[in-house]
Number of protein chains: 2
Amino acid sequence: MTEARLVVVDDEPNIRELLATSLRFAGFEVFAAADGLSAIQLITDTSPDLVVLDVMMPDLDGFEVTRRLREKGVHSPVLFLTAKDDTQDKVTGLTVGGDDYVTKPFSLEEVVARIRAILRRTQHVEENEAVLTYADLEMDEDSHEVRRAGVVVDLSPTEFKLLRYLMLNSGRVLSKTQILDHVWDYDWGGDANIVESYISYLRRKIDTVTLPDGNPVQPLIHTKRGVGYMLRQSR
Amino acid sequence: MTEARLVVVDDEPNIRELLATSLRFAGFEVFAAADGLSAIQLITDTSPDLVVLDVMMPDLDGFEVTRRLREKGVHSPVLFLTAKDDTQDKVTGLTVGGDDYVTKPFSLEEVVARIRAILRRTQHVEENEAVLTYADLEMDEDSHEVRRAGVVVDLSPTEFKLLRYLMLNSGRVLSKTQILDHVWDYDWGGDANIVESYISYLRRKIDTVTLPDGNPVQPLIHTKRGVGYMLRQSR
DNA sequence: ATATCGCCTGAGAATGACCTGAGTGGCGTC
DNA sequence: GACGCCACTCAGGTCATTCTCAGGCGATAT
C-alpha cells in the first residue's frame with residue numbers, strides 16, 4: 001500500500017506541488033497534471049490506484065473529468081478536492097462509490113488519511129488493517145476509536161489527527177512547525193502555541209489513564225525541550 | 001551521502017562564503033550563486049541533490065526561485081535561510097515536502113544537521129541510518145537520543161549540537177574557536193569560555209557513566225592543552 | 001620553586017520554552 | 001434560543017537552559 005501509484009490534479013501550482021511532494025514523501029508514487037485534459041491523458045496512461053482531483057478547474061471540472069474517465073472504462077477511485085461552499089449535494093452524491101472528498105483548505109494529515117482509507121477499501125488486502133498500534137495505544141481508523149491500555153478514550157477531531165500523526169512517526173521527534181504543517185490546514189496563520197495546547201489535551205486523555213491495578217500508565221508523549229515532541233515508550 | 005552536490009544561494013558574500021567553504025569542508029561538492037536568476041541557471045545546469053537558498057534576496061526571493069524551478073520540473077529539495085521574523089507567515093508549509101528551513105543567524109552545525117536530515121530522507125538509501133556511533137557512544141538524530149555504553153543520557157540542545165560536532169570530527173583536535181564557529185550562531189559575541197563550560201557539562205553526562213560491572217567508563221573527551229578538544233578512545 | 005597561564009567547574013542571574021487554566025466565539029443540536 | 005462541544009487565544013507560573021563570573025587547580029616555563 002505504501003507503493004500505491006497516485007495522480008494529483010490541480011491547476012494551482014502551489015497546491016499541486018504541496019500535494020505531490022508530501023505524498024511522495026509519504027511513500028506514494030506520484031504523477032501530477034495541471035488541467036483536466038492532460039489529467040485524462042495521464043490517468044489513462046498510468047492507470048493509478050487513486051486520483052486526487054481538484055473540482056474547480058478552468059477547462060474541465062473534476063466531475064467532468066471523472067465522467068469521461070468512467071466512460072472510457074477507467075475506474076480508479078477519486079479523492080476530490082473541493083471548496084467549502086461547493087455544492088454539497090453534488091459532492092456527497094459522488095462519495096457513494098469508492099470515492100471521497102476533502103474540502104480546501106485541508107491539512108495534509110486529512111488527505112493522507114483519506115487516501116489510506118480509500119486504498120484500504122479498494123485494494124482489500126487482508127493485511128491492510130485499519131488499526132494503528134504503538135505500545136498499549138491503539139487507534140482504529142475506521143471506527144475512529146482510540147484505546148489506551150484497553151480503555152477507550154474519546155478524542156476531538158483535531159486531537160485524533162494529532163495523535164495519528166504522532167503514531168505514524170513514533171520514535172521520532174517532531175518539531176512544533178512540522179506538526180503545524182501536517183495536522184493543521186495549510187493556510188493556518190495562528191500561533192504555534194496551539195500545538196502545545198493540543199499536546200496538553202492529548203496528554204490528559206491518553207497519558208493519565210489508570211490501569212486496572214490502580215497504577216497510572218507510563219506517559220507516551222514526551223517533550224524534547226527546544227526540539228519538539230515525540231511518541232515513545234518511557235524507559 | 002558525503003558526496004552530495006549542493007548549490008548555495010545568498011546575496012551576502014560573507015554568508016555565501018562562510019557556507020560554501022564550511023560545507024565543502026564537511027565533504028559536500030558545493031557551487032554558489034549570488035542572486036536568484038543565476039541561481040536558477042546554476043541549479044538547472046548542475047541538478048544538485050539539495051539547494052541552500054536565502055529567502056531575502058534583491059532580485060527574486062527564495063520562494064520565487066523555488067516556484068520557477070518547480071515549474072521547470074526541477075525537484076531538488078531546498079533548505080531555506082530566513083530571518084527570524086518572517087518565520088511564521090510564509091515559511092510554514094515548508095517542512096512537509098522534502099524542504100526545511102533555518103533561521104538567521106544560524107550555527108553551521110544547525111545547517112549541516114538539517115542538510116544531512118533532508119538528504120537522509122530524500123536519498124532514502126537503507127544504509128543512511130540516522131545514528132552516529134563512536135566507540136560505545138551512540139547518537140540517534142531522529143529521536144534525539146544519546147547513549148553511552150547503552151545508558152541513555154539526556155542532553156540539552158546545545159550539548160547535543162556540540163557532541164554531534166565532536167562525533168562528526170572524532171579523532172581530530174578541535175580548537176575552541178573552531179567549536180565556537182560551528183556550534184554557536186555566527187553572530188555570537190561572547191567569551192570562548194562558554195565552550196569550556198559546555199565541555200564540562202558534556203563530560204559530566206557522557207564520561208561519568210557507570211558500567212553494569214560497577215566500573216566507570218573510559219573518558220572519550222580529551223583536552224589538548226593549548227590546542228583544543230578531541231573525541232577519542234583512551235588508550 | 002614560583003609565577004603564569006590555561007582550563008575546570010560551581011554558583012547564580014537572566015532568559016525563554018513550555019504547560020495549563022481560564023476565557024471567547026463559532027457552530028451544530030435539541 | 002439555550003446548550004454543549006470544539007477550536008483557539010491569552011497570560012501567568014514553572015522550570016530547564018544558557019551564559020557569565022570568579023576561585024581553584026594543575027601544567028608549564030623560567
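This is a predicted model, so every value here is computed, not measured.
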Between B:Y198 and B:N193, the residue closer to the 5' end of DNA chain D by nearest nucleotide is B:Y198
When every non-hydrogen atom of B:S234 is compared with those of B:Q218, the smallest separation belongs to OG-CB, 3.2 Å
Could you tell me whether the phosphate oxygens of D:dA16, OP1 or OP2, come under 4.0 Å of any side-chain nitrogen or oxygen in B:S156?
no
note: B:K224, atom NZ; C:dC5, atom C1'; distance rounded to Å ~ 19 Å
Which of B:E109, B:H182, B:Q178 passes side-chain hydrogen bond (donor to acceptor under 3.5 Å, both in side chains) with B:Y165? Answer is B:H182
A:D185 CG to D:dC8 C1', in whole Å, measures 13 Å
Here the distance between atom P of D:dC5 and atom CG of A:L155, to the nearest Å, is 15 Å
Considering just the side-chain nitrogens and oxygens of A:R204, establish if one lies under 4.0 Å of OP1 or OP2 belonging to C:dC19.
no
### Query
Are B:T223 and C:dC7 close enough that a side-chain N or O sits under 4.0 Å from OP1 or OP2?
no
When rounded to whole Å, the NZ to C1' distance for the pair A:K176 and C:dC18 reads 7 Å
With the side chain defined as heavy atoms from C-beta on, B:S197 is closest, among D:dT9, C:dT20, D:dC21, to D:dC21
A:D191 atom CG is separated from D:dC10 atom C1', nearest whole Å, by 10 Å
Here the distance between atom C1' of D:dA16 and atom CZ of B:F160, to the nearest Å, is 17 Å
In B:F80, B:Y186, B:W184, B:Y101, the residue satisfying ring-ring contact (aromatic ring centres under 6.0 Å, His included) with B:F106 is B:Y186
Exercise. Report yes if a donor N or O on one partner sits less than 3.5 Å from an acceptor N or O on the other, where the partners are the side chain of A:Y229 and the base of C:dC18; otherwise report no.
Key: no
Short N-O contact, B:R16 and B:D54, less than 4.0 angstrom
no
Report task. Ignoring backbone atoms, test whether A:S200 places a side-chain nitrogen or oxygen under 4.0 Å from the OP1 or OP2 oxygen of C:dC19. Result -> no
TODO: Give a yes or no on whether the backbone of B:S143 and the side-chain of B:D140 come within a donor-acceptor separation of less than 3.5 Å.
DONE: yes
Between CD of B:E159 and P of D:dA16 the distance, given in whole Å, is 13 Å
Atom CH2 of A:W184 and atom P of D:dA7 are separated, to the nearest Å, by 9 Å
Per atom distances to the A:R225 side chain, the nearest of D:dC19, D:dC15, D:dC10 is D:dC15
